[in-house]
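Have a look at the structure below before the remarks.
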There are 2 protein chains.
Amino acid sequence: MPRAGLDPTAVVAAGAALADEVGIAGLTMGLLAERVGVRTPSLYKHVGGQEDLNRRIAALALSEAADAVGGAVQGYAGRDALVAAARAFRAFVLEHPGRYAATIGLEPSGPDDPLATASERLLDAFTAVLRGYDIAESDVNHALRMLRSLCHGFATLQAAGGFQWSTDIDESFEWLIAFTDRGLRAL
Amino acid sequence: MPRAGLDPTAVVAAGAALADEVGIAGLTMGLLAERVGVRTPSLYKHVGGQEDLNRRIAALALSEAADAVGGAVQGYAGRDALVAAARAFRAFVLEHPGRYAATIGLEPSGPDDPLATASERLLDAFTAVLRGYDIAESDVNHALRMLRSLCHGFATLQAAGGFQWSTDIDESFEWLIAFTDRGLRAL
DNA sequence: AGCTTTTAGCTAACGACGTTAGCCAGAGCT
DNA sequence: AGCTCTGGCTAACGTCGTTAGCTAAAAGCT
C-alpha cells in the first residue's frame with residue numbers, strides 16, 4: 001500500500017477546498033478522506049479531529065483574507081483604499097464561502113493561537129484603510145468594528161442567499177461603500 | 001403511559017429555547033426530546049425532522065425579531081426610530097443567539113413559506129425606519145440592505161465573541177448608529 | 001355508554017458519522 | 001542490514017438522526 005504523502009497543511013487545504021464546494025456543514029471526515037485518497041481514520045494522523053480541522057481551516061481562511069485585503073490596498077489611500085479593501089474582502093468570501101463560514105463562532109484559545117494572529121492580520125489590513133481618513137484616535141476602534149460588521153454582514157448575507165429582491169447586489173455594495181466613505185470623511 | 005400533550009408549536013418553542021441555551025449546533029433531537037419529556041422518535045409526530053425543526057425555529061425567530069423591532073419603533077421617527085430599531089434588534093439577537101443563528105443560510109422554499117413571510121415582516125419594520133429619512137426611491141433598497149448588513153454583522157460578530165479588544169461594545173454600537181443616522185440624513 | 005377511528009406515545013432497529021485502538025508496512029537513518 | 005518512526009490500514013464503539021411497527025389514550029359517532 002503506497003503512501004499518500006499527506007501532511008497537516010495538505011489536509012487542511014483540501015478540507016478548505018471541500019468546504020467551499022459542499023458547505024461547512026457538509027464537510028465530513030469521510031468525504032475529506034475520500035478526496036485526499038485515504039481512509040477516514042488516517043486523517044487523524046494529521047489533524048486532531050473535526051473541531052481542530054475546523055479551526056485550522058478558519059485560520060487559513062482568515063490568513064488568506066488578510067493577504068487578499070492587504071494586497072488590494074497596496075498603493076491606495078482614502079476612498080480608493082476603502083473600495084479596494086471592501087471589494088477584495090467580499091470577493092474572497094464569495095469565492096470561498098465554506099472556509100469563511102468556518103471562521104464564524106470561534107474564539108482564539110490564546111494569544112499565540114494561529115487563529116488569533118490571522119484575525120489580527122485581517123484587522124490590521126482594515127486599520128490601514130482607516131489611516132487614510134482623518135479619524136480621532138478614540139474613534140478608530142469604533143470605525144473598525146463598523147467596517148468589519150458591514151463587510152461581514154453583507155458578505156455572509158449574500159453568501160447565504162439572504163438578499164431576496166431583484167435590486168442588483170453589486171450596486172448595493174458599491175452604494176454601501178460610497179455611503180461609508182462619505183461618513184468617514186465627515187468625521 | 002400518560003400523554004405529554006405536545007403539538008408542533010410547543011416542540012418548536014422548546015427547541016428555540018434549547019437552542020438559545022446550548023447553541024444551534026448543540027441542539028440535538030435527543031436533548032430536545034428529554035426536555036419536553038418524551039422519547040426521541042416521538043418528536044417526529046410533530047416535526048418532520050431536524051431540518052424542518054430548524055426552519056420552524058428560524059421562522060419563529062424572525063417573527064419574534066420583527067415584533068420586537070416593530071414594537072420598539074412605534075411612535076418614533078427619524079433618528080429615534082433608527083436607534084430604537086437597532087437596539088431592539090441587537091438585544092433580541094443577544095438574548096436569543098441560538099434561534100437567531102438558526103436563520104442563517106436558509107432559503108425560503110416559496111412565497112407562502114412562513115420563513116419568507118416572517119423575513120418580510122422584519123424587513124418591513126426596518127423599511128418603516130427608513131421612511132423617517134429623506135431617501136430617494138432608488139436608494140431605499142440599498143439603504144435597507146446596508147442597515148440589515150450592519151445589524152446582522154454586528155450582532156452576530158458580538159454573539160460569536162468576535163470583538164476582542166477592550167473597547168466598550170455598547171459604545172461602539174451607539175457610535176455606529178449615530179454614524180449611520182448622520183449618513184442617512186445627508187442623503 | 002359503547003364502539004370505532006385516529007393519533008401520540010413507545011421500543012427496536014438501521015445507517016451515517018466521528019473517533020479510538022491496535023496492527024503493519026514503507027521511509028529514513030546508522 | 002537492521003532499527004525506528006510514522007503514515008497508512010481494519011475493526012470496533014458511541015452518538016445521533018431516522019424509520020417501522022406496535023399500543024394505548026383520546027376523540028368522534030351512534
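All chains are named by letter (A, B, ...) in the order of the sequence lines, taking the proteins before the strands, and each is independently numbered beginning at 1. The structure displayed is predicted, hence computed values, not measured ones.
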note = Here the distance between atom P of D:dC16 and atom CG of B:Leu32, to the nearest Å, is 13 Å
request  = Indicate if A:Val69 and A:Leu115 have the same hydrophobic cluster label, given that clusters are the connected sets of ILVMFWY residues with side-chain heavy-atom separations under 4.5 angstrom.
outcome  = yes
inquiry  = Quick check for you: among D:dT18, C:dA8, C:dG18, whose closest atom lies nearest to any side-chain atom of A:Tyr44?
reply    = C:dG18
ask   = Among all residues two or more places apart in sequence or in another chain, which pass the salt bridge (Lys or Arg N to Asp or Glu O under 4.0 Å) test with B:Asp124?
value = none
ask   = What is the distance, rounded to the nearest whole Å, between atom CG of B:Asp7 and atom C1' of D:dA27?
value = 16 Å
remark   = Ranking B:Glu51 and B:Lys45 by the position along DNA chain D of their nearest nucleotide, the one closer to 5' is B:Glu51
message = Taking ring pair (Phe, Tyr, Trp, His ring centres under 6.0 Å) as the cut-off, I'd like each qualifying pair that reaches into residues 54-108 of chain B, sequence neighbours left out, listed once.
response = B:Phe89-B:Tyr100, B:Phe89-B:Phe126, B:Phe92-B:His96, B:Tyr100-B:His152
ask   = Between atom CG in B:Leu53 and atom P in D:dG17, what is the gap in whole Å?
value = 10 Å
query = Is the shortest side-chain N/O distance from A:His46 to OP1 or OP2 of D:dG8 below 4.0 Å?
reply = yes
message = Within the structure provided, determine whether B:Ile24 and B:Ile104 are in side-chain contact (heavy-atom separation under 4.5 Å).
response = no
key: Divergence of helical axes at both termini of the helix from C:dA1-D:dT30 to C:dT30-D:dA1 - five pairs an end, 10° steps   = 10°
inquiry  = So for B:Arg3 and D:dA25, does any side-chain atom that can act as donor or acceptor lie under 3.5 Å from a complementary atom in the base?
reply    = yes
Results of side chain to side chain contact (heavy atoms under 4.5 Å, CB included) for B:Thr28 - residues two or more places apart only = B:Leu31
Which donor-acceptor pairs under 3.5 Å do side chains of residues 169-187 of chain A form with protein atoms, sequence neighbours excluded?
{"unit_1": "A:Asp170", "atom_1": "OD1", "unit_2": "A:Arg90", "atom_2": "NH2", "d": "2.6"}
{"unit_1": "A:Glu171", "atom_1": "OE2", "unit_2": "B:His142", "atom_2": "NE2", "d": "3.3"}
{"unit_1": "A:Ser172", "atom_1": "OG", "unit_2": "A:Asp168", "atom_2": "O", "d": "3.4"}
{"unit_1": "A:Ser172", "atom_1": "OG", "unit_2": "B:His142", "atom_2": "ND1", "d": "2.7"}
{"unit_1": "A:Ser172", "atom_1": "OG", "unit_2": "B:Arg145", "atom_2": "NH1", "d": "2.9"}
{"unit_1": "A:Glu174", "atom_1": "OE1", "unit_2": "A:Arg87", "atom_2": "NH2", "d": "3.0"}
{"unit_1": "A:Glu174", "atom_1": "OE2", "unit_2": "A:Arg87", "atom_2": "NE", "d": "2.9"}
{"unit_1": "A:Glu174", "atom_1": "OE2", "unit_2": "A:Arg87", "atom_2": "NH2", "d": "3.4"}
{"unit_1": "A:Trp175", "atom_1": "NE1", "unit_2": "B:Asp139", "atom_2": "OD1", "d": "3.3"}
{"unit_1": "A:Thr180", "atom_1": "OG1", "unit_2": "A:Leu176", "atom_2": "O", "d": "2.8"}
{"unit_1": "A:Asp181", "atom_1": "OD1", "unit_2": "A:Tyr133", "atom_2": "OH", "d": "2.6"}
{"unit_1": "A:Asp181", "atom_1": "OD1", "unit_2": "A:Arg185", "atom_2": "NE", "d": "3.4"}
{"unit_1": "A:Asp181", "atom_1": "OD2", "unit_2": "A:Arg79", "atom_2": "NE", "d": "3.4"}
{"unit_1": "A:Asp181", "atom_1": "OD2", "unit_2": "A:Arg185", "atom_2": "NE", "d": "3.1"}
{"unit_1": "A:Asp181", "atom_1": "OD2", "unit_2": "A:Arg185", "atom_2": "NH2", "d": "2.6"}

request  = Kindly write out the residues that satisfy side chain to side chain donor-acceptor pair (under 3.5 Å) with A:Asn54, not counting sequence neighbours, or none if the list is empty.
outcome  = none
Could you run down the sub-3.5 Å N/O contacts of the protein with nucleotides 11-17 of chain C?
{"unit_1": "C:dC17", "atom_1": "O3'", "unit_2": "A:Thr28", "atom_2": "OG1", "d": "3.3"}

Could you list the donor-acceptor pairs under 3.5 angstrom formed by side chains in residues 4-15 of chain B, with sequence neighbours left out?
{"unit_1": "B:Asp7", "atom_1": "OD1", "unit_2": "B:Thr9", "atom_2": "N", "d": "3.3"}
{"unit_1": "B:Asp7", "atom_1": "OD1", "unit_2": "B:Ala10", "atom_2": "N", "d": "2.8"}

Would you be so kind as to tabulate the donor-acceptor pairs closer than 3.5 Å made by side chains of residues 35-44 of chain B, with sequence neighbours excluded?
{"unit_1": "B:Arg35", "atom_1": "NH1", "unit_2": "B:Glu21", "atom_2": "OE2", "d": "3.2"}
{"unit_1": "B:Arg35", "atom_1": "NH2", "unit_2": "B:Glu21", "atom_2": "OE1", "d": "2.9"}
{"unit_1": "B:Ser42", "atom_1": "OG", "unit_2": "B:Arg39", "atom_2": "O", "d": "3.4"}

task = Give the rounded distance in Å between these two atoms: CG of B:Leu6 and P of D:dA26.
result = 13 Å
